[in-house]
Amino acid sequence: MKFVATLILFFSLMSCTKSSTDCTYFITCSEQLVKDKEKVLSTEITGFIFFADTATYTPKSYAEAVSGNISTKAGDKPIKADMLFEFDATTGVAKAPNITRAGKSVFVLCDNKNKIYSFRQFVIETDLPQIITSLDFLLYNFVKNPDTTIIVSRWIQKK
């Protein structure tokens, strides 16, 4: 009986050492109205993850981004988001828990208060339990155009 228990323990320990892509991303979102002035935490964020590559797929507008879609650069049929971010307005943190697929991904975060969005490609690695980063919506760089809504934003990866 001890031998069977030892074998069970041995195999369960072996399974814990395999590569895992069960990763959680934490993104602190903030807004900066004036260059070199204080940032404030964002309060209305919607976010999506697409298992895609920015070389092929990007959001074309705020309306497309906030609806959870991105299109090919050629303008083909859009694809739907693979995952959603959870957002906590009290901390300004968008959380994507339990990402289980490694490889290239497009992260799209929409600031619903200001009707703007930002996107970035991330490569989801194996064996990283969590990633902490931040996104600053630089509102002073925002130029409104009737045909598109896009913003220059700053993504900061924390090590």
Side-chain angles (χ1 to χ4, degrees), residues 9-32 39 41-139 141-142 145 147-159:
L9 178 61
F10 175 77
F11 285 113
S12 67
L13 289 175
M14 283 182 56
S15 67
C16 293
T17 61
K18 70 177 184 164
S19 293
S20 172
T21 53
D22 189 9
C23 179
T24 300
Y25 270 77
F26 296 92
I27 303 173
T28 302
C29 303
S30 62
E31 306 166 7
Q32 190 173 30
K39 295 182 282 187
L41 291 177
S42 298
T43 58
E44 298 177 37
I45 298 291
T46 304
F48 306 95
I49 297 176
F50 301 84
F51 299 133
D53 187 336
T54 56
T56 307
Y57 288 96
T58 58
K60 298 291 182 229
S61 67
Y62 171 79
E64 182 179 71
V66 78
S67 70
N69 293 295
I70 56 176
S71 298
T72 64
K73 290 185 177 182
D76 296 344
K77 182 180 169 184
I79 60 171
K80 296 293 271 174
D82 294 295
M83 293 185 70
L84 299 173
F85 277 91
E86 301 167 1
F87 183 69
D88 182 345
T90 60
T91 62
V93 173
K95 175 183 171 186
N98 307 318
I99 301 171
T100 57
R101 181 172 168 184
K104 292 181 180 178
S105 295
V106 180
F107 285 24
V108 177
L109 291 166
C110 303
D111 177 341
N112 301 322
K113 182 175 81 175
N114 296 298
K115 303 286 188 258
I116 56 178
Y117 71 94
S118 185
F119 67 96
R120 178 178 175 188
Q121 181 166 296
F122 280 92
V123 177
I124 299 171
E125 303 287 344
T126 58
D127 297 323
L128 292 174
Q130 68 180 17
I131 302 292
I132 300 170
T133 189
S134 64
L135 167 62
D136 299 336
F137 285 100
L138 306 177
L139 301 176
N141 281 340
F142 179 56
N145 176 326
D147 297 325
T148 187
T149 305
I150 196 162
I151 188 166
V152 176
S153 300
R154 178 174 51 216
W155 292 76
I156 302 166
Q157 184 82 26
K158 298 185 180 183
K159 299 195 185 227

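Of the N and O atoms on the side chains of Asn69 and Tyr57, not one donor lies less than 3.5 Å from an acceptor on the other residue. If you check the side chains of Asp111 and Ser42, you find no donor sitting under 3.5 Å from an acceptor. No donor-acceptor contact under 3.5 angstrom links the side chains of Ser105 and Gln121, judged on distance only.
Between Phe85 and Phe107, the distance from one ring center to the other falls under 6.0 angstrom.
Across Thr56, Thr54, Thr58, a single residue satisfies side chain to side chain contact (heavy atoms under 4.5 Å, CB included) together with Lys73, and that is Thr58.
Leu41 approaches Thr91 most closely through the heavy-atom pair CD1-O, 3.4 Å. Shown here for Gln130 and Phe26, the closest heavy-atom pair between the two residues is OE1-CE1, 3.4 Å. Nearest heavy-atom pair across Val66 and Phe48 is O-CZ, 3.5 Å. The two atoms that bring Ala89 and Phe87 nearest to each other are CA-CE2, 3.5 Å, heavy atoms only. Minimum heavy-atom separation, Met83 to Pro97: CE-O, 3.4 Å. The nearest pair of heavy atoms linking Cys110 to Tyr62 is CB-CE1, 3.9 Å.
Looking at Val93 and Cys29, their side chains never come closer than 4.5 Å, going by heavy atoms from C-beta outward. Under the 4.5 Å side-chain criterion, counting only non-hydrogen atoms from C-beta, Ile27 is not in contact with Ser134. Counting heavy atoms from C-beta outward, Lys104 and Asp53 have side chains that approach closer than 4.5 Å.
In this structure, Tyr117 and Phe119 have parallel ring planes: the angle between them is below the 30° cut-off, well short of the 60° mark.
Within 6.0 Å of NZ in Lys80 there are more than 12 heavy atoms belonging to other residues, nucleotides or ligands.
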Exercise for the section: Under the salt bridge (Lys or Arg N to Asp or Glu O under 4.0 Å) rule, what do Asp88 and Lys95 come out as? Steps first, then yes or no, please. Expected result: CA-CA 8 Å; Asp88 182 345; Lys95 175 183 171 186; over 6 Å; no
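The distance from atom OG of Ser61 to atom CD1 of Ile70, rounded to the nearest 0.5 Å, is 12.5 Å. Taking CD1 from Ile79 and NZ from Lys77, the interatomic distance works out to 10.5 Å, rounded to the nearest 0.5 Å. Here NZ of Lys39 is found 8.5 Å from CG of Leu138. Values are rounded to the nearest 0.5 Å.
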